[in-house]
**Q** 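Once you've had a glance at the structure underneath, I'll fire off some questions.
First the proteins, then the strands, lettered A, B, ... as listed; each starts at 1.
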Protein chains: 2
Amino acid sequence: MKSDLIIAQSKELKPIIEIAKSVNIPESSLELFGKYKAKLPIQLIDEERVKSAKLILVTAMTPTPAGEGKTTTSIALTEGLNQIGKRTTVVLREPSLGPVFGMKGGAAGGGYAQVVPMEDINLHFTGDFAAIEKANNLLAALVDNNIQSKKDNLGIDPRTVEWKRVMDMNDRSLRNIVSGMGGKPGGVMRETGFNITAASEIMAILCLARNIDDLKEKMGNIYIGDTYDGKAVFARDLKAEGAMAVLLKDAIKPNLVQTLEGNPAIIHGGPFANIAQGTNSLIATKMGMSLTDYVVTEAGFGADLGAEKFLNIKCRYGDISPRAVVLVATIRALKYHGGQPLADLKEPNTVALVKGLVNIERHIENMKVFGLPVIVSLNKFSGDSPEEVKILTDWCAKQQVPMALCEGWEKGGKGAIDLAEKVSEAAERTTRKFKSTYDWDWSVKEKIEAIARKIYGAKDIEYLPKAKQNLAKIERIGLNDKPVCIAKTQNSFSDDPRALGRPQNFTVTVREIEIAAGAGFSIPIMGNMLRMPGLPPLPAATGMDIDNDGRITGLS
Amino acid sequence: MKSDLIIAQSKELKPIIEIAKSVNIPESSLELFGKYKAKLPIQLIDEERVKSAKLILVTAMTPTPAGEGKTTTSIALTEGLNQIGKRTTVVLREPSLGPVFGMKGGAAGGGYAQVVPMEDINLHFTGDFAAIEKANNLLAALVDNNIQSKKDNLGIDPRTVEWKRVMDMNDRSLRNIVSGMGGKPGGVMRETGFNITAASEIMAILCLARNIDDLKEKMGNIYIGDTYDGKAVFARDLKAEGAMAVLLKDAIKPNLVQTLEGNPAIIHGGPFANIAQGTNSLIATKMGMSLTDYVVTEAGFGADLGAEKFLNIKCRYGDISPRAVVLVATIRALKYHGGQPLADLKEPNTVALVKGLVNIERHIENMKVFGLPVIVSLNKFSGDSPEEVKILTDWCAKQQVPMALCEGWEKGGKGAIDLAEKVSEAAERTTRKFKSTYDWDWSVKEKIEAIARKIYGAKDIEYLPKAKQNLAKIERIGLNDKPVCIAKTQNSFSDDPRALGRPQNFTVTVREIEIAAGAGFSIPIMGNMLRMPGLPPLPAATGMDIDNDGRITGLS
């Protein structure tokens with residue numbers, strides 16, 4: 001099989017002007033980035049069309065560390081829907097450079113189900129991440145400068161500053177630092193650190209903002225820390241939000257690219273549903289819903305993280321609802337959750353497979369509690385045996401859950417026709433909106449417990465001392481009536497990455513709760529979850545190259 | 001008078017496709033970034049045309065902290081040359097976000113002599129700085145990851161690591177940090193820091209590279225630090241240069257924009273001749289020289305910094321030579337160097353003015369030592385009195401130096417006709433190449449002393465202990481036969497920013513010498529010079545805003 005990059009490079013792309021024309025966007029509305037990428041003006045969003053468009057959410061069972069092909073399935077389903085005559089746009093998250101140079105690789109799909117130009121999408125793309133990073137770090141510089149300077153000094157107590165810097169890089173050494181060293185000219189010394197850019201509150205704000213005014217208002221509400229008198233300080237007190245919005249003037253516009261089969265793809269906003277909100281921007285989703293009748297979107301990692309946040313945070317802020325949920329499963333992940341070791345996942349093992357079905361069972365139950373129809377999509381690998389596939393097929397039939405084989409990786413859209421038909425059947429039938437897990441006026445604690453018990457299946461919730469302090473602060477700042485965005489491992493329903501399958505009788509531990517007053521949620525951090533990853537022993541970066549003609553190798 | 005931003009916004013821009021067509025670049029060669037910016041393929045460089053093109057270098061007397069209008073003059077001169085029938089391209093450096101949000105503002109010219117779209121040029125532009133920052137910081141992450149990891153561990157001694165991270169921000173708190181805190185998972189703790197992105201060695205490399213292969217080779221040569229056994233470690237030992245080059249695949253291409261009068265402008269590569277190489281990229285300069293007969297370019301701050309480095313480093317690496325030098329002077333800077341306090345520079349003071357002429361005198365002498373014809377260009381301000389202008393005019397006549405009034409800020413190209421005529425007269429006449437200040441095979445110490453004595457006029461050169469250690473290391477690494485790129489205050493010929501005019505009998509102190517083995521020079525740092533600036537008490541950022549239609553205010 002050819003590599004993703006080779007397949008992507010061998011395909012002749014349509015000019016993006018043509019893709020735009022196919023969904024009635026005139027050339028004059030496009031802001032071109034080369035021949036194959038363009039930014040779209042927010043004004044193209046049509047709230048009437050948003051109301052009638054059919055949104056399909058692609059999520060997954062609890063993944064193995066390699067990922068189970070959510071993006072690939074989303075793209076294949078889009079191609080398939082277009083092939084059966086349903087005009088469809090795929091709306092995806094932007095890849096982060098961290099995994100590109102680390103271990104997991106890019107996030108532009110795979111095989112014959114990719115969005116292109118994949119090199120550009122996986123690298124700087126149209127500069128959105130860089131702009132978000134800069135806006136985040138401008139605020140940090142303004143905070144430290146205010147502490148240093150006598151003029152307009154707000155009396156911020158450096159020991160209370162919660163605002164961190166960010167960098168789109170897997171760089172564990174920046175996770176915890178001491179800044180401001182070198183005596184008086186070097187600023188005031190304090191403990192701080194960097195998160196990865198996707199985890200920036202600015203990313204979450206951009207993903208939930210309606211327009212520039214809304215963006216500014218939300219950024220002005222960012223909580224920084226406290227004064228020596230214990231008064232909360234916000235970004236607006238530093239007059240930071242105007243300049244930050246200037247930096248984001250283009251980043252707020254969604255990006256149009258294409259699938260390998262020439263269908264429209266919109267890629268905009270933040271990845272990482274484990275440590276962040278993790279779904280693409282509301283502007284992007286609504287843009288897709290303004291362009292075509294069908295929109296396929298994805299929400300990261302397992303449905304306990306991605307779908308939960310997509311529904312309880314993003315859909316509620318944007319007043320939208322999916323018509324159907326596609327749950328991506330793989331034979332290897334099922335075996336993994338049934339106890340087969342990671343290194344042996346290519347070996348057939350029907351015993352482990354049957355045992356692992358409890359994982360997908362819980363995800364299906366969860367989606368049904370949301371009141372949404374579920375279609376299981378098996379992302380088929382060449383090594384999957386017919387017996388193994390049959391076990392899943394029979395099990396789904398017994399559970400009365402529609403299931404389809406997705407061979408999009410190998411065959412593109414024609415490998416996803418069955419899936420497309422089952423999805424459109426469900427979507428045409430659904431009219432009602434999903435049911436939230438919690439009401440926003442519940443306390444933060446009640447909201448955390450609702451998610452932990454109803455979605456994760458936890459028995460108890462423990463709060464470490466720092467989390468308890470944070471709860472008091474949230475109360476004081478008045479963030480109690482906002483949703484919660486839990487940071488938790490993607491490898492388990494619980495906060496222990498080793499607890500596979502469908503763990504029972506477990507306790508989750510809330511270590512601390514970050515305050516995202518601008519984005520409009522709090523971030524309870526469970527277990528050992530870190531918001532700045534590290535590089536693996538052998539980073540993907542060391543295998544990359546480019547020649548004098550600009551041809552890249554080693555990017556996946 | 002209207003603000004720069006208002007003037008820039010009121011002008012109707014030509015599509016960049018038309019600008020390209022005017023210099024015979026077909027649309028198919030352009031990589032568009034919106035309607036008014038494009039990247040150009042390096043393949044358009046034509047070494048034959050480079051040989052015959054007339055390059056004009058705009059530099060300046062020692063500036064006041066506000067700057068004396070080098071960029072404005074460069075643009076006005078370009079408009080003027082085009083008006084008198086000399087087809088001319090202006091080639092400029094990219095602005096850094098540090099000063100944009102700090103104090104000095106943008107770097108796209110001013111008044112009726114600007115390059116546009118100025119908001120884009122002053123903000124993220126086409127993402128070059130972000131890409132350079134990322135490549136720099138990827139290398140840093142790979143270094144710390146190698147120290148952390150057992151696999152392929154090179155045995156790097158963390159105490160010796162010289163490679164710093166960068167951020168395009170004025171952020172003094174990052175100047176000196178401790179990274180790698182938080183125990184074993186957080187990496188190995190060490191002292192380090194951030195420079196501003198323009199000071200990154202990657203910026204210097206990009207500005208001196210010929211193509212991607214050359215870029216990779218130079219980046220592979222970057223010196224990182226030593227092993228515990230005292231062996232020098234380079235970026236190539238970490239297999240970093242391929243991935244870094246992948247990140248720079250677009251950044252290496254120069255950017256085409258336009259002047260307010262619709263002439264071609266190429267903007268590419270690094271500012272800050274005080275702390276860095278500071279001139280635009282060799283690729284950009286050669287691109288300009290491939291497009292039109294005349295090219296106007298600038299070199300930052302006073303001629304002691306910008307012009308010296310432009311000639312001794314860039315021109316020698318690129319085998320090019322300017323035909324004439326324009327030395328920008330202002331009445332206010334002359335008075336400042338004659339002892340008039342900064343706050344009173346608007347007041348006429350012929351005594352201070354006459355006294356300040358020694359500053360420009362030394363710069364003119366220096367340019368003549370380089371063997372280049374000099375034209376003094378007076379950047380006229382509305383408050384300059386006729387007596388004051390006459391004093392400078394008479395003095396130039398006495399010195400037999402051509403002088404012209406430049407009123408480009410107020411009048412655009414027609415305010416620079418006289419300057420354009422004098423410049424073209426000199427350029428048509430000049431055929432020989434400039435004479436370097438030193439030979440590359442001299443020792444680093446001899447090269448530092450040549451610049452300090454011949455250009456700055458220093459009597460003695462002192463080396464602090466760290467600088468002496470660095471000299472030994474340079475010898476060991478084999479960087480002795482490369483040029484030197486001195487970091488020094490822009491406010492004086494000496495390393496003391498308060499020593500105005502033409503200081504005599506002074507000693508300069510070399511504090512330390514950074515090693516830039518990849519760029520191919522060493523960086524002696526004189527006096528208190530810092531390579532990461534701080535924000536002022538009232539940062540420009542706090543006065544910026546943008547409305548829902550994307551209209552920006554407060555950017556200058």
**Q** State whether the side chain of Arg172(B) and the backbone N or O of Gln148(A) hold a donor-acceptor pair below 3.5 Å, judged by distance alone.
**A** no
**Q** Please look at Phe129(A) and chain B and tell me whether the side chain, the backbone, both or neither of the residue comes under 4.5 angstrom of a heavy atom of that chain.
**A**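 Contact with chain B involves no heavy atom of Phe129(A) at all.
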**Q** State whether the side chain of His124(B) and the backbone N or O of Leu247(A) hold a donor-acceptor pair below 3.5 Å, judged by distance alone.
**A**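 Here the side-chain-to-backbone pair exists.
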**Q** Which pair of heavy atoms, one from Pro537(B) and one from Lys151(A), lies closest together, and at what distance?
**A**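 Nearest heavy atoms, Pro537(B) then Lys151(A): CB-CB, 3.8 Å.
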**Q** May I ask you to say whether Lys249(A) pairs ionically with Asp120(B), meaning some side-chain N is under 4.0 Å from a carboxylate O?
**A** yes
**Q** Among Ala245(B), Pro41(B), Ala541(B), Gly554(B), single out the residue with the greatest number of heavy-atom pairs under 4.5 Å to chain A.
**A**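 Ranked by heavy-atom pairs under 4.5 Å with chain A, first place is Ala541(B).
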**Q** For Leu30(A), is it the side chain, the backbone, both or neither that has a heavy atom under 4.5 Å from a heavy atom of chain B?
**A**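 Leu30(A) touches chain B through backbone heavy atoms alone.
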**Q** Does Asn145(B) use its side chain to pair, donor to acceptor, with the backbone of Pro536(A) at less than 3.5 Å?
**A**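 Side chain of Asn145(B) to backbone of Pro536(A), a donor-acceptor pair under 3.5 Å: yes, one is there.
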**Q** Determine the option with the most heavy-atom pairs under 4.5 angstrom with chain A, choosing from Thr126(B), Asn176(B), Leu238(B), Asp250(B).
**A** Asn176(B)
**Q** Within a radius of less than 6.0 Å around CD of Glu31(B), do more than 12 heavy atoms belonging to other residues, nucleotides or ligands occur?
**A**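 Enclosed: over 12 neighbouring heavy atoms sit under 6.0 Å from CD of Glu31(B).
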**Q** If you count heavy-atom pairs within less than 4.5 Å of chain A, which of Pro539(B), Gly187(B), Ser149(B), Ser179(B) leads?
**A** Ser179(B)
**Q** Given heavy-atom pairs under 4.5 angstrom as the criterion, report whether the side chain, backbone, both or neither of Asn153(A) touches chain B.
**A**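 No part of Asn153(A) comes within 4.5 Å of chain B.
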**Q** Using a 3.5 Å distance criterion without hydrogens, assess whether the side chain of Arg175(B) forms a donor-acceptor pair with backbone atoms of Pro185(A).
**A** yes
**Q** So what's closer than 4.5 Å to chain B heavy atoms on Arg190(A): side chain, backbone, both or neither?
**A**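 Neither part.
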**Q** Could you tell me which portion of Asp168(A) (side chain, backbone, both or neither) has an atom closer than 4.5 angstrom to a non-hydrogen atom of chain B?
**A**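 For Asp168(A), backbone and side chain are both near chain B.
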**Q** Chain B heavy atoms under 4.5 Å from Ile147(A): which part of the residue, side chain, backbone, both or neither?
**A** neither
**Q** Which region of Asn211(A), side chain (C-beta onward) or backbone (N, CA, C, O), has a non-hydrogen atom less than 4.5 Å from a non-hydrogen atom of chain B, or is it both or neither?
**A**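 For Asn211(A), the contact with chain B is made by backbone and side chain together.
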**Q** Test your reading of the model: is there a side-chain donor-acceptor pair from Lys134(A) to the backbone of Leu123(B), 3.5 Å cut-off?
**A** no
**Q** What's the spacing between Leu535(B) CG and Leu138(A) CG if we round to 0.5 Å?
**A** 7.5 Å
**Q** Out of Ala141(B), Gly242(B), Ser173(B), Ala243(B), return the one with the most heavy atom pairs under 4.5 angstrom to chain A.
**A** Ser173(B)
**Q** Decide side-chain contact (heavy atoms from CB on, under 4.5 Å) for Val246(B) and Asp545(A); before the verdict, give the C-alpha distance in whole Å, the side-chain angles of both, and the deciding distance to 0.1 Å.
**A** CA-CA 6 Å; Val246(B) 166; Asp545(A) 204 1; 5.9 Å; no
**Q** Mark yes or no for whether Asn548(A), through its side chain, and Ile212(B), through its backbone, hold a donor-acceptor pair below 3.5 Å.
**A**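 At least one qualifying donor-acceptor pair exists.
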**Q** Mind checking the CE-CG spacing from Met181(A) to Leu174(B)? Nearest 0.5 Å is all I need.
**A**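 One gets 12.5 Å once the value is rounded to the nearest 0.5 Å.
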